[in-house]
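What follows is a short report on a single structure.
Keep in mind the model is a prediction, meaning the values are calculated, not measured. Letters A, B, ... are given to chains in the order of the sequence lines, protein chains preceding strands, and every chain is numbered from 1.
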Number of protein chains: 2
Amino acid sequence: MKLTIYDIAREAGVSATTVSKVINNKGRISEKTRKKITAIIDKRHYQPNVLASAMKGKSTYTIALLIPDAANPIYAQYLKYIEEYGQELGFSVVMCSTGSDPKKEAKHITLLKQKRVDGFIIASFFKNEPVLRQLIEEEIPLVFIAFHRPELPVGSVAGDDYLGGYVATEHLLSLGHCRIGIIAEEGTASGAERPRGYEKALINAGIEVDKNLVITTTDPTIEGAQLCARELLTNRQRPTAIFGCNDILAIGAIMAAKELGIKIPDELSIIGFDNAVMCKVVEPQLSSIDIPIHEMGRKAMGLLIQQIEQKDNTRQRISLLPELVIRQSTARLNERESI
Amino acid sequence: MKLTIYDIAREAGVSATTVSKVINNKGRISEKTRKKITAIIDKRHYQPNVLASAMKGKSTYTIALLIPDAANPIYAQYLKYIEEYGQELGFSVVMCSTGSDPKKEAKHITLLKQKRVDGFIIASFFKNEPVLRQLIEEEIPLVFIAFHRPELPVGSVAGDDYLGGYVATEHLLSLGHCRIGIIAEEGTASGAERPRGYEKALINAGIEVDKNLVITTTDPTIEGAQLCARELLTNRQRPTAIFGCNDILAIGAIMAAKELGIKIPDELSIIGFDNAVMCKVVEPQLSSIDIPIHEMGRKAMGLLIQQIEQKDNTRQRISLLPELVIRQSTARLNERESI
DNA sequence: GTGAAAGCGCTAACAC
DNA sequence: GTGTTAGCGCTTTCAC
């Protein structure tokens with residue numbers, strides 16, 4: 001703890017400068033002194049103080065990840081993979097749960113700027129526009145994950161939510177379903193794109209979008225979705241399929257169907273989105289749209305590091321392709337039942 | 001970014017010291033200069049450089065949380081609540097996934113010591129004993145969450161796993177089950193305590209522990225547990241109840257039962273541990289043992305902050321009481337079936 | 001090849 | 001009440 005570069009220098013009979021050069025592989029050092037110094041460093045378990053070197057303009061090798069809710073399994077996965085890649089590169093990641101609250105967002109950003117983190121990854125969305133613009137203006141390395149903001153000069157990587165919504169709906173369509181309900185989540189970026197894909201797929205199939213079949217909820221929990229689904233399923237003309245814009249929403253729909261004695265998939269097909277672990281656990285197992293989260297996490301971290309290290313100005317927008325995963329919750333429309 | 005305390009001092013026509021004192025509420029400053037200085041700080045959006053003040057021996061207001069796997073929903077919850085409380089107190093938390101790998105553990109600790117984090121919270125367990133002892137020796141603030149190490153002078157907060165195992169087993173016993181299988185996880189702290197509770201409950205009930213009914217797995221996934229459960233259920237004399245030492249393990253058992261056409265809870269009762277969200281999603285809904293994770297997270301953070309701020313030496317060991325949550329996967333033993 | 005000196009932005013004695 | 005000075009541990013010219 002109290003061991004400094006001077007202690008090492010003294011023991012090696014050289015100056016602190018020389019030791020610093022050895023540590024950072026800079027300048028010309030004779031093989032002999034280099035060996036001697038590294039030997040002493042090892043012996044004493046000397047570890048340079050990152051704070052001090054950061055003070056001299058070097059990086060802190062720390063980045064911040066802002067996510068709405070760390071306990072949400074999907075976000076937890078982003079965190080995992082971002083951290084995993086960061087670790088390989090020698091970066092630490094500080095995790096910030098914002099609870100989607102603009103005040104907390106601002107508080108975190110302020111604090112972390114004071115701590116001189118090298119950059120930020122913002123997941124899913126960000127409400128505090130002024131703070132965001134400030135970040136961009138100050139040219140602090142910044143990357144979005146799980147959403148795009150095409151109008152902003154910020155790199156981003158996300159699953160293609162629009163396409164995912166399209167694919168999910170098309171799957172249902174291909175099974176003969178025409179009356180397809182959708183439960184969407186309000187206020188998130190994906191909450192807008194996925195329904196757009198849904199609408200597009202319907203229109204392409206020559207089906208008019210029925211507003212009675214579209215529900216948007218502000219309570220994206222199983223219970224909240226269950227409520228929505230109940231509404232959908234007690235319609236005079238109930239849908240034969242439901243697209244839940246994420247797996248939680250879809251599971252809420254499964255719950256509602258069970259409650260109402262509606263058989264899945266015989267009388268009702270349900271598809272989710274995200275392909276979370278839960279899909280394999282519910283009964284029936286939930287068909288879903290898989291997003292390559294691992295790849296997203298690494299790509300986002302990669303983008304950020306690029307900005308940090310090379311002062312690189314290219315801002316990429318990366319969309320990763322979703323994939324349909326068919327399980328037991330979707331089936332061909334049973335003509336007799338559909339009446 | 002480039003605004004320093006000197007810029008503020010100059011603008012206010014005072015010295016940097018005075019500004020520093022205002023910021024830290026130290027020494028005597030006239031109300032007039034204080035007002036003037038704070039006004040300028042606000043106007044210029046000046047934010048002190050935490051690195052620089054940390055260099056002068058102050059804290060970094062950053063702590064590290066080491067967990068085996070960030071994507072595990074249970075750990076993600078610890079993270080969430082620790083971060084939440086930390087934030088209230090002005091602390092950032094850097095998240096480290098160790099993958100239970102001693103090398104990674106060491107790498108993280110080394111790096112974070114270089115970054116002068118104020119302290120560490122280690123979750124679930126820690127393999128690298130030498131590194132751990134080093135940490136203790138250096139008197140770096142340290143707290144364990146989700147496990148105890150009574151022989152070490154380290155504060156810790158955990159659910160009472162022993163009691164939890166006892167309660168789970170007793171619940172099964174009270175329903176008339178005598179042949180109770182258990183699927184445990186190898187290598188974790190809770191992986192040892194929960195089975196101990198199970199054994200104690202059996203012994204108290206006058207039932208001998210049958211080693212054929214105890215399985216320990218190194219693969220704590222649904223699939224891994226499914227394998228174990230299959231083994232248990234294809235025994236010549238199969239158990240009438242299974243205690244999964246965590247919910248994932250219990251869900252694996254549910255899967256195995258379904259696969260073998262064994263009805264739950266009519267022919268087989270299953271209980272899990274942790275009371276994760278998944279319990280409500282599986283069919284039948286899983287009885288489980290609830291651990292007050294929120295409280296654990298806050299208590300752990302509180303313990304750590306105490307050590308950091310007050311150089312407090314009392315090392316508390318806090319055990320939080322688990323609670324039985326009965327759902328649909330456990331039922332009274334059907335005498336006819338039990339033969 | 002190596003070292004002396006200056007300074008990153010801040011705080012803590014210790015004057016005044 | 002306020003300022004001067006020194007220094008945290010490191011890196012970086014620039015001189016030798």
For a quick test of reading the model: is some side-chain N or O of [X] closer than 4.0 Å to OP1 or OP2 of [N]?
{"X": "A:N24", "N": "D:dT11", "answer": "yes"}
{"X": "A:Y46", "N": "D:dC10", "answer": "yes"}
{"X": "A:S20", "N": "D:dT12", "answer": "no"}
{"X": "A:S53", "N": "D:dG9", "answer": "no"}

Would you please say whether a donor-acceptor pair under 3.5 Å links the side chains of A:S92 and A:Y61?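 Side chains of A:S92 and A:Y61: no pair found under 3.5 Å.
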
Please check if any side-chain donor atom of A:H108 sits under 3.5 Å from a side-chain acceptor atom of A:S97, or the reverse.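 Looking only at side-chain atoms, A:S97 and A:H108 do not form any donor-acceptor pair under 3.5 Å.
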
In plain terms, say whether [X] and [Y] are close enough for a salt bridge, that is, a side-chain N and a carboxylate O under 4.0 Å apart.
{"X": "A:R149", "Y": "A:E151", "answer": "yes"}
{"X": "B:R44", "Y": "B:E11", "answer": "yes"}
{"X": "B:E129", "Y": "B:R133", "answer": "yes"}
{"X": "A:K80", "Y": "B:D69", "answer": "yes"}

Take the protein atom [atom1] of [X] and the nucleotide atom [atom2] of [N], then report the distance between them rounded to whole Å.
{"X": "B:I5", "N": "C:dA12", "atom1": "CD1", "atom2": "P", "value": "11 Å"}
{"X": "A:K58", "N": "D:dT13", "atom1": "NZ", "atom2": "P", "value": "11 Å"}
{"X": "A:N49", "N": "D:dT11", "atom1": "CG", "atom2": "P", "value": "9 Å"}
{"X": "B:I23", "N": "C:dT11", "atom1": "CD1", "atom2": "P", "value": "6 Å"}
{"X": "A:L51", "N": "C:dT11", "atom1": "CG", "atom2": "P", "value": "13 Å"}
{"X": "B:I37", "N": "C:dT11", "atom1": "CD1", "atom2": "P", "value": "13 Å"}
{"X": "A:R10", "N": "C:dG3", "atom1": "CZ", "atom2": "C1'", "value": "16 Å"}
{"X": "B:N25", "N": "C:dA12", "atom1": "CG", "atom2": "C1'", "value": "16 Å"}

Closest listed nucleotide, where the reference is the side chain of A:I29 and the choices are D:dT11, C:dC10, C:dT2: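 Shortest atom-to-atom distance from the side chain points to C:dT2.
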
Among B:V117, B:I308, B:V94, which residue satisfies the side-chain contact (heavy atoms from CB on, under 4.5 Å) criterion with B:I63?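 Exactly one option meets the side-chain contact (heavy atoms from CB on, under 4.5 Å) with B:I63, and it is B:I308.
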
Considering heavy-atom distances to DNA chain D, does B:M55 or B:G27 have its closest nucleotide positioned more toward the 5' end?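 The residue mapped nearer the 5' terminus is B:G27.
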
Once you round to the nearest 0.5 Å, how far does CD of A:Q47 lie from CD of B:Q114?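 Result: 5.0 Å between the selected atoms.
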
Within 45° cone of B:Y81 ring axis and under 6.0 Å: B:R298 NZ or CZ: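 Here B:R298 fails the 6.0 Å and 45° test against B:Y81.
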
Would you work out how much the helix from C:dG1-D:dC16 to C:dC16-D:dG1 bends between its ends, with each end axis defined by five base pairs, to 10 degrees?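 Axis-to-axis angle, ends of the helix: 40°.
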
Taking N or O atoms only and anything under 3.5 Å, show me the protein contacts with nucleotides 3-6 of chain D, one pair per line.
{"unit_1": "D:dG3", "atom_1": "OP2", "unit_2": "B:S15", "atom_2": "N", "d": "2.8"}
{"unit_1": "D:dG3", "atom_1": "OP2", "unit_2": "B:S15", "atom_2": "OG", "d": "3.3"}
{"unit_1": "D:dG3", "atom_1": "OP2", "unit_2": "B:T18", "atom_2": "OG1", "d": "2.6"}
{"unit_1": "D:dG3", "atom_1": "O6", "unit_2": "B:K21", "atom_2": "NZ", "d": "3.0"}
{"unit_1": "D:dT4", "atom_1": "O4", "unit_2": "B:T17", "atom_2": "OG1", "d": "2.8"}

